[in-house]
Amino acid sequence: MGRVILQSFGASRTVTGSRHLLHTAEMKVLLDCGLFQGRRAESTERNRHVPVDPDAVVLSHAHIDHCGALPSLVRDGYRGPIHATAATSDLCEAMLYDVAKINEADARHLNKHRGPGQREIKPIYTSKDVDQTLKLFRDHEYDEPFEVGPGVTATFQDAGHIIGSAGVLLEIDDELRVYFTGDVGRRMYPILRDPVAVPDADVIMSECTYGTRDHPPAEIAQGQLADEIRRVAETGGKLFIPAFSVGRTQNLVWAIAHEWHAGRIPRIPVYVDSPLAEKATDVIVRHPECYDQELEDFMYSGGRPFFPKGVKYVESRQESMSLNGKDGPFVVIAGSGMCEGGRIVHHLKHNLRDEKNTVLFVGWCAPHTLGRRILEGNTPVRIHGRRIHVNARIRKINAYSAHAGKSDLIDFLSPAKEMGASIYLVHGDEDTALAFADTLREDGHHSVTVPETYAKYELVSRMTSVD
Ligand SMILES: [Zn+2]
């Protein structure tokens, strides 16, 4: 076997832009091709061009920080296969067109207000680039090995993180086994099966997003959500839930359907105000092969987890606006989760002043986002250039994260000690990754590395590794 080299181009000592290249003697395999999210100028440049020329791409899941730069790679000439699970392929279609449309609209807006002599702004990529990208997808089942190229076989394992999410086992020249975890989900998480245990491997490339902290149990979230819905039904207010369109929104709808079915909360109207969320829900409905037992049992007993009576998916912008003139009680679930864009922003502008209303955060908000400012208790907040006083109740549920927490990750990686596998920690902020590396060393792992961006690391099998 020739040398196998790992080189990360993103999600190394950070949580964004997942891109890891494996050079084998005969080919280059790119694991994920995600968008960088962060300071605009810097991330735009890194997203416009992906500085690699792989022979094949293998995709862990459809979150945008794992798949969102694929159309840039294709526009720059990539014509090889993109291997993914069927549910990931379908979700990518919805996600990538959404990114392209937002980019095209942004570019149009900026060009309209461009001064004389200023260069035309081009979108990072267009819907046409997405058309080309989707033609390259090759769908695979979980646990069915497939050939990636000369000397490289891959197998997807259920990662339990979002629908279609997978860890990838790469077998190289029958000598080296490398497992890339993608994002690791949580046990007992709604809709999804639990993450499958790490397979026997020489090298494990693991995410470590929450390597320094645990989440409250996911079951707690359902009770808190039910309490907020009961409260708003009594007071006649409106409950606004900023939520990511893929994954989180479907969890919420399924939780509400579950509570209605059990007769535990009143049936007030629920509006899902996000076209992307509706598309993502359609994908989930088409992929029952990904459901856990609890969801199957619920459907078997006549429950409708994603389109229950009483939940309305709002399509047009006019219909979305009309909710502002409507009296409560009702619930609105709308993107974006951090309130940086999307329809939630106009809902907040019109409804934050009213103390009868509640805003319920169900996910993490990055510093400096509108969501974070509201969560931190700032008032007034600035929305579309206006100062808006915050009189609404502000609440937060911490238990919904779709990532394994610290204890889950320690348990998940524990078999690596017996195997003697080397661990490479990716997809975690630098401080978190370095601290979690120490945690794993104290736990008895013999070789833990936190790779640096662009640096090259030779991956070796256990037979040849030196203690
Ligand atoms: Zn993810």
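Because only heavy atoms are used, hydrogens play no part in the values below, and waters and symmetry mates are left out as well, while side chains stay in. We count ligands from 1, going down the list as the structure has it; atoms in each ligand are counted the same way.
Thr453 is linked by a side chain to side chain contact (heavy atoms under 4.5 Å, CB included) to Ser12, Arg46, counting only residues two or more places apart in sequence or in another chain.
Counting heavy atoms from C-beta on, the side chains of Leu6 and Met205 come closer than 4.5 Å.
Of the N and O atoms on the side chains of His427 and His20, not one donor lies less than 3.5 Å from an acceptor on the other residue. Asp408 and Tyr210 share no side-chain donor-acceptor pair at under 3.5 Å.
Shown are the protein N/O/S atoms under 2.8 Å from the Zn ion (ligand 1), given by residue and atom: His61 NE2, His63 ND1, His161 NE2, Asp183 OD2.
Between the side chain of Asp158 and the backbone N or O of Tyr142 there is no donor-acceptor pair closer than 3.5 Å.
Under a 4.0 Å N-O distance rule, the pair Arg177/Asp202 does not qualify as a salt bridge.
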